[in-house]
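Notes follow the structure.
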2 protein chains.
Amino acid sequence: MLLSTKGDYGVRALIDLAKHAGEGPVQRSDIARRRQLPESYLDHLLAQLRRDGFIRSTRGPGGGHELTRAPAEITLLAVLECLEGSLAPIGCVAEANRGGESMCGQSWVWQGIYDDMRKRLEGITIAELVEHERAHERAAVANYSI
Amino acid sequence: MLLSTKGDYGVRALIDLAKHAGEGPVQRSDIARRRQLPESYLDHLLAQLRRDGFIRSTRGPGGGHELTRAPAEITLLAVLECLEGSLAPIGCVAEANRGGESMCGQSWVWQGIYDDMRKRLEGITIAELVEHERAHERAAVANYSI
DNA sequence: TACAATGTCGACCAGATTAGTCGTGAATCC
DNA sequence: GGATTCACGACTAATCTGGTCGACATTGTA
């Protein structure tokens with residue numbers, strides 16, 4: 001598996017923050033409840049996202065977490081690399097892209113796959129994921145009303 | 001990391017078998033020495049490849065391992081799925097492709113990436129990897145002779 | 001100023017996976 | 001019968017995953 005729950009949960013948390021942008025800080029407990037994530041685990045992910053500048057946090061009553069940028073300016077690639085580290089599919093590619101020169105015999109295959117994937121992930125923003133989720137919600141409501 | 005050393009080593013072993021196809025069974029110790037792999041670990045990988053019908057093995061003096069098919073008929077995708085199990089980048093895609101219906105919010109992204117990758121890997125055979133390696137060897141020799 | 005709400009940080013933990021090693025046994029050839 | 005080779009399962013150490021927990025820092029409010 002290329003992705004662990006770190007990346008998965010972290011993206012969901014950012015989607016939640018994006019959906020509530022402009023409403024003041026969003027509390028960890030609210031994110032955890034709405035997205036059904038373990039709150040104390042979410043804690044670590046938010047810490048990482050803050051360290052990398054995706055969110056800002058404030059303490060005290062009424063405190064919480066907010067995006068530092070517009071959702072349309074946060075790419076899925078950036079978020080996942082923040083939370084998961086390198087997304088390289090195989091060790092030799094990870095080393096090569098860290099500036100190393102080691103290239104195993106099949107790395108040309110994996111480098112191509114890696115480049116494709118990064119390109120795709122770079123083209124998707126949190127804003128698009130929010131929009132996708134909203135469309136899904138509308139579809140669900142439409143189904144229900146039939 | 002999507003791939004462990006299992007897939008990596010296993011592919012190298014098959015390349016070795018392909019290069020020595022038609023010369024009778026190739027011994028585990030020879031593969032391990034030429035490819036610089038731990039022999040006792042390679043044992044497990046060859047067992048898996050045999051169970052899935054990629055190679056046949058014979059015991060006793062002069063025994064060893066051989067491909068059951070032409071290298072051009074063995075795709076990288078098939079080998080890797082044999083050794084690594086599913087190559088799905090994230091859990092929800094793995095479940096969806098096992099017949100489940102669970103689709104997380106971002107799975108449309110990952111399904112596309114997964115499909116791209118499988119298509120690429122399906123288009124590459126062990127024969128091509130052997131040819132690539134030979135080309136690399138020729139280049140190295142050419143460099144040396146300058 | 002006290003207290004409650006909230007985030008911050010690091011220690012800790014159980015289970016799974018990875019990357020092996022090793023030993024016993026089975027088949028085969030001479 | 002002995003040497004050679006594969007077959008298979010037990011075992012292990014290190015690392016990663018997916019958390020939990022507790023002490024502490026910060027801040028708003030009464």
Side-chain angles (χ1 to χ4, degrees), chain A residues 1-13 17 24-33 35-68 80 83-91 94, chain B residues 1-13 16-17 20 24-33 35-68 80 83-91 94:
Chain A
M1 210 76 67
L2 182 64
L3 254 70
S4 67
T5 58
K6 281 198 195 96
D8 191 1
Y9 291 1
V11 169
R12 295 184 201 208
L17 291 183
V26 177
Q27 284 146 35
R28 196 174 60 186
S29 58
D30 289 333
I31 304 173
R33 183 176 34 75
R35 302 288 156 170
Q36 307 201 59
L37 308 175
E39 189 178 338
S40 43
Y41 187 42
L42 181 57
D43 187 8
H44 295 321
L45 309 179
L46 291 172
Q48 187 62 48
L49 289 168
R50 182 169 32 73
R51 276 192 291 272
D52 280 23
F54 289 94
I55 62 176
R56 102 173 53 89
S57 312
T58 48
R59 304 197 221 198
H65 309 271
E66 294 170 286
L67 296 180
T68 55
L80 293 174
L83 292 164
E84 301 274 358
S86 168
L87 296 180
I90 190 171
Chain B
M1 211 75 68
L2 182 64
L3 254 70
S4 67
T5 57
K6 280 198 196 96
D8 190 2
Y9 291 1
V11 169
R12 295 183 201 208
D16 201 79
L17 291 183
H20 294 83
V26 177
Q27 284 146 36
R28 197 173 59 187
S29 58
D30 288 333
I31 304 174
R33 183 177 32 76
R35 303 288 156 169
Q36 307 202 60
L37 308 176
E39 189 178 339
S40 42
Y41 187 43
L42 181 58
D43 186 8
H44 295 321
L45 310 179
L46 291 172
Q48 187 61 47
L49 289 168
R50 182 170 31 73
R51 276 192 291 272
D52 280 24
F54 289 94
I55 61 175
R56 103 174 51 91
S57 311
T58 49
R59 304 198 221 196
H65 309 270
E66 293 170 286
L67 296 179
T68 55
L80 293 174
L83 292 164
E84 301 275 358
S86 168
L87 296 180
I90 191 171

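Lettering of chains follows the sequences in order, A, B, ..., and the numbering in each one begins at 1.
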Checklist outcome for this item: A/Arg28 atom CZ is separated from C/dC9 atom C1', nearest whole Å, by 11 Å

Item to check | Nearest-Å distance for atom pair CG/P, residues A/Leu49 and C/dG7 | outcome: 14 Å

Item to check | Length of the line joining A/Gln48:CD and C/dC9:P, which is rounded to integer Å | outcome: 11 Å

Checklist entry - Which parts of nucleotides 11-22 of chain D does protein reach within less than 4.0 Å, heavy atoms only, written one letter per nucleotide 5' to 3' as B for base, S for sugar-phosphate only and - for none? => result ------SBBB--

Item to check | Short side-chain N/O contact from B/Arg50 to OP1 or OP2 of D/dA7, under 4.0 Å | outcome: yes

Checklist entry - What pairs with B/Arg33 under salt bridge (charged side-chain N to carboxylate O under 4.0 Å, His left out), at least two apart in sequence or on another chain? => result B/Asp30

Checklist entry - Between B/Leu46 (CG) and C/dG20 (C1'), how many Å, whole number? => result 15 Å

Next on the checklist: Can you measure A/Ile90 atom CD1 to C/dT18 atom C1' for me and round it to whole angstrom units?
Outcome noted: 14 Å

Checklist outcome for this item: Residues at least two apart in sequence or cross-chain that pass side chain to side chain contact (heavy atoms under 4.5 Å, CB included) with A/Ser86, listed by chain then number, are A/Ala88, A/Ala94, A/Tyr114

Next on the checklist: Just to verify, what does A/Pro25 make a side chain to side chain contact (heavy atoms under 4.5 Å, CB included) with, not counting sequence neighbours?
Outcome noted: A/Thr58, A/Glu66

Next on the checklist: If you define the side chain from C-beta out and look only at heavy atoms, does anything of B/Tyr41 sit under 4.5 Å from B/Thr5?
Outcome noted: yes

Item to check | Partner set under side chain to side chain donor-acceptor pair (under 3.5 Å) for B/Ser4, not counting sequence neighbours | outcome: B/Glu84

Item to check | Close side-chain approach of A/Leu83 to A/Asp52, heavy-atom, < 4.5 Å | outcome: no

Checklist outcome for this item: A/His65 NE2 to D/dT26 P, in whole Å, measures 16 Å

Item to check | Interatomic distance, B/Met1 CE vs C/dT17 C1' [rounded to whole Å] | outcome: 14 Å

Checklist entry - Between C/dT8 atom P and A/Gln27 atom CD, what is the distance in whole Å? => result 12 Å

Next on the checklist: Restricting to side chain to side chain donor-acceptor pair (under 3.5 Å), what partner residues turn up for B/Thr68, sequence neighbours left out?
Outcome noted: none

Next on the checklist: List the residues meeting side chain to side chain donor-acceptor pair (under 3.5 Å) with A/Arg35, not counting sequence neighbours, and say none if there are none.
Outcome noted: A/Asp16, A/Glu133

Next on the checklist: Does the protein touch nucleotides 25-30 of chain C at the base, only the backbone, or not at all? Give it as B, S and - per nucleotide, heavy atoms under 4.0 Å.
Outcome noted: BBSBB-

Checklist outcome for this item: Contacts of B/Asp43 meeting salt bridge (charged side-chain N to carboxylate O under 4.0 Å, His left out) (sequence neighbours excluded), chain-then-number -> B/Arg28

